[in-house]
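A short worksheet on the structure shown next.
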Protein chains: 2
Amino acid sequence: MAGISGGKNYHHGDLRNALICAAVDLATEGGPERVVLREAARRVGVSPTAAYRHFDGRGELLRTVRGHARARLADAMERAAAREPGADDPALAAERRLAALCRGYVRFAVEHPGLYRAAFSAVPAVDRPACAPAPPEPEIRAFTLLREALEALGRTGGRRPAAGAAAWSAVHGLSLLLLEGPLRRLSAQRRDDVVETTLAMVVSGVRVP
Amino acid sequence: MAGISGGKNYHHGDLRNALICAAVDLATEGGPERVVLREAARRVGVSPTAAYRHFDGRGELLRTVRGHARARLADAMERAAAREPGADDPALAAERRLAALCRGYVRFAVEHPGLYRAAFSAVPAVDRPACAPAPPEPEIRAFTLLREALEALGRTGGRRPAAGAAAWSAVHGLSLLLLEGPLRRLSAQRRDDVVETTLAMVVSGVRVP
DNA sequence: GCCCGATGTTGACCGCATGAACATTCCGCG
DNA sequence: CGCGGAATGTTCATGCGGTCAACATCGGGC
């Protein structure tokens, strides 16, 4: 991803980055459960325990990968929205943007199943020593994008409170069902149908009735 | 669950069932990843490899647990719908039933997070020897219930095709976000808000606009 | 030029999945 | 009733993954 290392022999020079790259590859290939410390080290050509100089253990490695995956997802959504043509009518434009973001989301999930699953994998979480009650829980840009798009759409008409979460739910659930759920093995055609229907539901659901 | 065994000493008498119960307990406590063959065997008081006489390995055990979890989910949904008062207007009744089913779904997920996750966990899947191309993929009753409710609702007005999947997506995604996703740690109050908003979206999304 | 701290390496321990070989029990058949 | 095989458990062994402690090596600052 970010950091082509100039590897030496004993001291690698950029092990942390190299491990992250390897781990991201692993996640891409087989999802979060495939992110295995020993394998990442192996790929980088380093002993398993070397990773402990840079990560607190598998958990932290996985958490790092998750961050990357989330960033990539958001990027994909933004690219999808950017490709969308504008519209004179602001309401129409807002609707289109929201739809484009959602399509980008689902598309990313379908195209990079492993990475997508990694993006939302529940990672063990660090043991907190009974202080620092709430880890800031960094924002998830994918969600922010959806929320903002919904707000923009809402400004062009009545908006239901908490619609952001509802929209996200639909898009997220759809992705998971398509990926590993019972909607897996749908033809591309039928998959698109489902996506569009869900999108219509989301858009129409934003408006108060 | 089903099978209180009268354990002997060497020959257990009902090991398979006992293991399933233990495994379901494990899933209830910590989700699918906690369903560990050795631990299940330990709880039943039997050697780890004994399980292989009854299951093809961890995968099959987990698949069995998944079946139980799905059944329980559907039961919870039906109970929730059964408690719902009827209505004279068939359209209203259909709407209420759908909403009740969805609430039951989310409720089950929130109350039994581990079991719920187990219900939709992706299990490795048996290696097929290149024949038997499509394993029948047994229906998921929870989905059937939703689909039927949507159809009933659809008969009282225009219905969007593929709305079933859309509705399921929303409900499923919502559950996951509430469980392990970023909507975790929401107060019960705000959680209910989100649930109701999503429900409204689902119901309004069924109708053609 | 030397010494310390950062960074890797070895070796070891534990838990888990799984397979092979061996033990015990149950049950139907003679 | 008694025997023998099929079921069902057990022990032993292999391999993988996570993680820790002790040791080795390199890279710089003094």
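Chain naming here is simple, since letters A, B, ... match the order of the sequence lines and numbering starts at 1 in each.
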Salt-bridge test for A:Glu180 and A:Arg184: reply yes if a basic N is under 4.0 Å from a carboxylate O, no otherwise.
no
Could you go through nucleotides 16-19 of chain C and list every protein N or O atom that sits under 3.5 Å from one of its N or O atoms, giving the distance for each pair?
{"residue": "C:dC16", "atom": "OP2", "partner": "B:Arg42", "partner atom": "NH2", "Å": "2.5"}
{"residue": "C:dA17", "atom": "OP1", "partner": "B:Leu37", "partner atom": "N", "Å": "3.3"}
{"residue": "C:dA17", "atom": "OP2", "partner": "B:Leu37", "partner atom": "N", "Å": "3.3"}
{"residue": "C:dA17", "atom": "OP2", "partner": "B:Arg38", "partner atom": "N", "Å": "3.1"}
{"residue": "C:dA17", "atom": "N7", "partner": "B:Arg38", "partner atom": "NH1", "Å": "2.6"}
{"residue": "C:dT18", "atom": "OP2", "partner": "B:Tyr52", "partner atom": "OH", "Å": "3.0"}
{"residue": "C:dT18", "atom": "OP2", "partner": "B:Arg58", "partner atom": "N", "Å": "2.9"}
{"residue": "C:dT18", "atom": "O5'", "partner": "B:Tyr52", "partner atom": "OH", "Å": "3.3"}

Whole-Å distance between C:dT25 P and B:Leu15 CG?
15 Å
Given D:dG9, is OP1 or OP2 found less than 4.0 Å from the side-chain N or O atoms of B:His54?
yes
A:Arg147 side chain vs A:Gly164 backbone, donor-acceptor pair below 3.5 Å
no
Output all residues satisfying ring-ring contact (aromatic ring centres under 6.0 Å, His included) with B:Phe143, sequence neighbours left out; order by chain, then residue number.
B:Trp168
How close or far is atom C1' of C:dC22 from atom CZ of B:Arg53, stated in whole angstroms?
10 Å
Closest non-hydrogen atom pair, A:His172 against B:Gly173:
CD2-O, 4.2 Å
Applying side chain to side chain donor-acceptor pair (under 3.5 Å) as the test, list every pair that has at least one member in residues 55-64 of chain A; sequence neighbours left out.
none
So with a 6.0 Å cut-off around CZ of B:Arg107, is the heavy-atom count from everything else above 12?
no
Could you state the atom-to-atom distance from CZ of A:Arg34 to C1' of D:dC16 in whole Å?
14 Å
Grab the CD-C1' distance between B:Glu33 and C:dG15 for me, whole Å please.
16 Å
